[in-house]
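As the structure lists them, so they are numbered: ligands from 1, and atoms in each ligand from 1.
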Amino acid sequence: MSELTDLGVKAIRDGVAGGSFTAREVAEAFNAAVAEAADLNAFIVTTPDHALAAADAADAKRARGEDLGIMGGVPIGMKDLFATRGVQTTAASHILEGFTPQYESTVSQKLWDAGAGMLGKLNLDQFAMGSSNETSYFGNVSSPWKKNGTNAAMSPGGSSGGSSSAVAARIAPAATGTDTGGSIRQPAAFTGICGIKPTYGRCSRWGVVAFASSLDQAGPMARSVEDCAIMLEAMAGFDPKDATSLKLDVPQWEAGLSADLKGKKIGIPKEYRMDGTDEAILKSWEQGKEWLRDAGAEIVDISLPHTKYALPAYYIVAPAEASSNLARYDGVRYGLRDLPDGAGLQDMYAATRAAGFGDEVKRRILIGTYVLSAGFYDAYYTQAQKIRTLVSQDFEQAFGQCDAILAPTTPTASFPLGSLNEDPLTMYLNDVFAVPASLAGLPAMSVPAMVNDDGLPLGLQIVGKPFDEQGVLNTGLAIQQRAGFDAQPDKWW
Ligand code: GLN
């Protein structure tokens, strides 16, 4: 039955509903694949019993002739940033090690209500800060991909690197991700899978460990555009418990899928032709334009003039919000408490935070505290907020001329683990094409385009108008159908 693990969300759901196999067989196959893949380090904890219980519930519903839900019988991986009742939730940090929530995040609850089960909690960059999955307290995640002719462990991207690695390795048909400044799209691009960050506010942030609240969005990661559409439908929806949740009905994205782009205009932003971008990435972008023309779209040149300021602005806004959000981890209420002998309250805060946070998290807290401090607030934070507005206005103007934007997802393919982590600025450059859409709160997706000469996947990014996930998914589908991306990593784990 091992071929069950080759199936995606739609094939599993339809196969279970149609009686081709049982949900229990599916859950058992994936549980076994997860157990075999410890070398990837994609999971922090595995929850095979959760997957089996959900599968048995799906099989029982089928026996009673009831509707199984749009994710009925599909076991998924859950990024360990989502609070899961009774299951350790750490954000890949030491400070939250052992924290077992008494509540379920809205997004994960919606997935369970739609019939999904949980294979386990997926590793990530600590507090979702990183682009390579090397900042987790629980160790690096390896990509299942290797560069041709080398054996070095490659980065699955970050921060949703456990999610991307697991889905690419086919030990999970799909996984949740979160994207603050690219953390769904960049890991998807690095591992040859799809991932969509919806419009800010589509998915509830309630019960998701906060990084930068004005940017954080959940979204699905899977191996096809269709699977992302299905899973996003299950995850999205208004939630009164999240003050920034959008009060909008959830469209039927799966039913609305169409790869016919006749009458659509796709914008090509000239500012995304940046120095340092790989030739192969530029080539895939050219190819992407051809594919979309072939699908009936008209390609138009657009300008997003403030693009070059987006990354520096992001690395002020995101750490500023992080420094405030992470003030709550003080040893009093959550996880770790380091109380040296004879220590007072301040000493406990200091000892707990010194031991509990990793270096990258501390760097963000320091940057964030600095840019919010009285003497520097106007020079940095206020300026960054102004740039954020200008970046949004760039997109508004561009969408007067086009329906969606096509760009690379990342400037390079994946890199070996350990090759960039001494150099935070180069690491931050990974997100240069991803953060503008994040600052503007726009829906954006990465779909696999091709493999480069090293045998590593490259992704293309589609950015849409606010609330137009359908347009983004449809453009992604047109690319998927023409790219015919079917490369798979050789199994070494
Ligand atoms: N890599 C970016 C950062 O480290 C984005 C992270 C994210 O989207 N969570 O901030």
Side-chain angles (χ1 to χ4, degrees), residues 79-82 91-93 107 122-136 140-141 155-164 175-191 195-198 200 203 205 208-221 310-326 357-368 371 384 388 409-412 414-415 420-421 423-446 459 461 463:
K79 186 176 182 179
D80 198 21
L81 204 62
F82 293 83
S93 71
V107 162
L122 290 158
N123 208 341
L124 65 148
D125 276 305
Q126 194 168 141
F127 284 102
M129 298 171 187
S131 305
S132 61
N133 226 120
E134 293 169 289
T135 72
S136 167
N140 298 343
V141 176
S155 170
S159 66
S160 310
S163 308
S164 63
T176 53
T178 64
D179 192 311
T180 302
S183 280
I184 288 176
R185 290 161 284 159
Q186 185 257 16
F190 273 18
T191 55
I196 180 166
K197 173 196 97 71
Y200 180 78
C203 289
R205 289 183 295 107
V208 185
V209 176
F211 165 10
S213 308
S214 75
L215 296 156
D216 298 344
Q217 258 306 286
M221 300 171 76
L311 191 71
Y314 169 85
Y315 274 100
I316 289 174
V317 172
E321 294 187 25
S323 74
S324 165
N325 271 324
L326 271 60
F357 290 134
D359 289 347
E360 183 60 29
V361 175
K362 287 177 186 160
R363 180 165 24 241
R364 307 283 177 115
I365 292 173
L366 287 172
I367 295 171
V371 301
R388 187 171 186 179
T409 309
T410 57
T412 67
S414 168
F415 44 82
L420 290 187
N421 53 3
D423 182 2
L425 288 184
T426 309
M427 188 70 90
Y428 295 171
L429 271 176
N430 265 288
D431 304 313
V432 67
F433 298 137
V435 295
S438 302
L439 289 175
L442 300 172
M445 177 168 208
S446 183
Q461 181 180 206
V463 180

Distance-only side-chain donor-acceptor flag, Asp125 / Thr135, under 3.5 Å:
yes
Going by the order shown, which atoms of ligand 1 are within less than 4.0 Å of some heavy atom of Met129?
4 (O)
Would Thr178 count as a polar contact of ligand 1, with the cut-off being nitrogen or oxygen pairs under 3.5 Å?
no
No-hydrogen, no-angle side-chain donor-acceptor test under 3.5 Å, Ser438 and Arg185:
yes
Can you check whether Gly130 has an N/O within less than 3.5 Å of an N/O in ligand 1?
yes
Could you label the plane-to-plane angle of the Phe357 and Phe127 rings as parallel, tilted or perpendicular, counting under 30° as parallel and over 60° as perpendicular?
perpendicular
Nearest non-hydrogen protein atom, atom 5 (C) of ligand 1
Tyr314 OH, 3.3 Å
Structural part of Phe211 in contact with ligand 1, heavy atom criterion under 4.0 angstrom:
side chain
Within reach of ligand 1, part of Ser183 (heavy-atom separation under 4.0 Å)
both
Ligand 1 contact by Gly158, heavy-atom criterion under 4.0 angstrom
no
How does Arg364 reach ligand 1, if at all, at less than 4.0 Å between non-hydrogen atoms: by side chain, backbone, both, or neither?
side chain
Atom 3 (C) of ligand 1: the protein heavy-atom neighbour that sits closest, reported with distance to 0.1 Å:
Tyr315 OH, 3.2 Å
Test side chain to side chain contact (heavy atoms under 4.5 Å, CB included), reference Asp216, set Thr180, Asp179, Val209, Thr178, output is Thr180
Close approach of Tyr428 to ligand 1, heavy atoms, under 4.0 angstrom:
no
With sequence neighbours excluded, residues passing ring pair (Phe, Tyr, Trp, His ring centres under 6.0 Å) with Phe433:
Tyr272
Do Glu134 and Ser155 meet the criterion of a side-chain donor-acceptor pair at a distance under 3.5 Å?
no
Strictly under 4.0 Å, does any heavy atom of Ala318 approach an atom of ligand 1?
no
Could you tell me, atom by atom, which parts of ligand 1 come under 4.0 Å of a heavy atom of Ala128?
6 (C), 7 (C), 9 (N)
Considering the options Ser183, Ser414, Pro187, which one meets the side chain to side chain contact (heavy atoms under 4.5 Å, CB included) requirement together with Ser164?
Pro187
Ligand 1 versus Asp431: contacting region, heavy-atom distance under 4.0 Å:
side chain
Ignoring hydrogens and geometry, is there a side-chain-to-backbone donor-acceptor pair from Ser160 to Gly177 under 3.5 Å?
no
Need the ligand 1 atom indices (1-based, order shown) with element for anything under 4.0 Å from a heavy-atom of Gly181.
5 (C), 7 (C), 8 (O)
List every atom of ligand 1 that sits less than 4.0 Å from any heavy atom of Ser159, numbering the atoms from 1 in the order shown and giving each element.
9 (N)
Using distance alone, with no hydrogens and no angle criterion, decide if Ser131 and Asp431 have a side-chain donor and acceptor under 3.5 Å apart.
yes
Determine whether the aromatic ring centres of Tyr428 and Tyr314 lie less than 6.0 Å apart.
no
